[in-house]
Amino acid sequence: MCTSASKTRQLITACGGENAGARVVGGDLGGIGVDPVFLPRSPLFRAGINPDDYYNTSAGSSDINPNGVPFGFFHEEIAGRPDGYPLLLDIGMSEQRAREAFIFLRDGSYLSAQLTQ
């Protein structure tokens with residue numbers, strides 16, 4: 001996915017963008033980006049939350065990036081769709097919840113100011 005020939009390379013900041021340490025490991029469809037709840041620069045940051053309560057943080061875990069921060073996005077297979085990291089948002093979300101979802105996408109490095117229009 002992050003090879004130079006990949007069509008998705010320029011769409012995913014984890015392929016060398018803002019959070020280059022949060023890249024797909026081993027060429028599989030592992031986690032990408034970061035969970036902004038654990039990033040002090042994000043308005044979604046929650047100092048009192050322990051990643052161990054939500055993620056497998058043991059050595060070698062596929063939940064954690066090489067910098068020790070939980071990935072924000074994981075591949076989930078959808079029948080009839082190609083592999084990747086599709087984004088599905090419920091049209092019934094409140095305006096506040098939609099705003100939080102977009103902050104999560106931005107701060108979690110799913111979206112990139114340089115690559116997303």
Side-chain angles (χ1 to χ4, degrees):
M1 180 167 74
C2 290
T3 64
S4 60
S6 172
K7 292 180 181 180
T8 59
R9 178 176 177 71
Q10 293 305 314
L11 301 176
I12 301 171
T13 59
C15 291
E18 297 164 6
N19 290 308
R23 67 182 74 244
V24 175
V25 178
D28 63 6
L29 289 174
I32 62 170
V34 293
D35 185 336
V37 171
F38 303 103
L39 295 178
R41 67 175 172 80
S42 174
L44 301 177
F45 175 68
R46 300 293 178 260
I49 294 183
N50 184 345
D52 297 334
D53 293 338
Y54 299 93
Y55 294 94
N56 174 0
T57 59
S58 60
S61 169
S62 61
D63 289 356
I64 305 298
N65 73 22
N67 296 325
V69 178
F71 286 114
F73 307 94
F74 297 88
H75 168 69
E76 197 63 44
E77 187 174 335
I78 299 176
R81 304 295 305 170
D83 285 341
Y85 299 86
L87 175 62
L88 304 172
L89 297 174
D90 187 334
I91 62 169
M93 292 169 112
S94 69
E95 181 180 345
Q96 176 62 32
R97 191 66 179 142
R99 188 175 295 114
E100 291 169 348
F102 280 103
I103 291 170
F104 194 99
L105 294 169
R106 181 195 67 205
D107 293 355
S109 294
Y110 187 92
L111 299 176
S112 165
Q114 294 80 23
L115 302 174
T116 305
Q117 295 181 351

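When all heavy atoms are compared, the tightest approach of D107 to P43 is OD2-CD, 3.2 Å. Here the closest non-hydrogen pair linking Y110 and I32 is CD1-CD1, 4.5 Å. G84 and H75 make their closest contact through O-ND1, 2.8 Å (heavy atoms, listed as atom of the first residue, atom of the second, distance). For N67 against N65, the heavy-atom pair with the smallest separation is N-OD1, 2.7 Å. Pairing each heavy atom of G33 with each of S109, the nearest pair is CA-CB, 4.2 Å. Nearest heavy-atom pair across F74 and G31 is CD2-CA, 3.9 Å.
No more than 12 heavy atoms of other residues, nucleotides or ligands lie within 6.0 Å of CD in E77, so this atom counts as exposed by the packing criterion.
Atoms CG and CZ, on L44 and R106 in that order, are 8.0 Å from each other to the nearest 0.5 Å. To the nearest 0.5 Å, the span separating CD1 on I64 from OG1 on T57 amounts to 5.5 Å.
Within the structure, ring-ring contact (aromatic ring centres under 6.0 Å, His included) pairs that include any residue of residues 89-109 comprise F73-F104 (at least two apart or interchain). The salt bridge (Lys or Arg N to Asp or Glu O under 4.0 Å) pairs that include a residue from residues 89-104 are E95-R99, R97-E100, where partners are two or more places apart or lie in different chains.
P70 places none of its side-chain heavy atoms less than 4.5 Å from the side chain of D63. Side-chain atoms of P86 and I78, non-hydrogen and from C-beta on, do get closer than 4.5 Å to each other.
Placement of Y55 and I49 within a single hydrophobic cluster is found when ILVMFWY residues are connected by side-chain heavy-atom separations under 4.5 Å, directly or transitively.
For S58, the side-chain hydrogen bond (donor to acceptor under 3.5 Å, both in side chains) partners at least two apart in sequence or on another chain are N56.
With no hydrogens or angles considered, no side-chain donor-acceptor pair links D35 and Y54 at under 3.5 Å.
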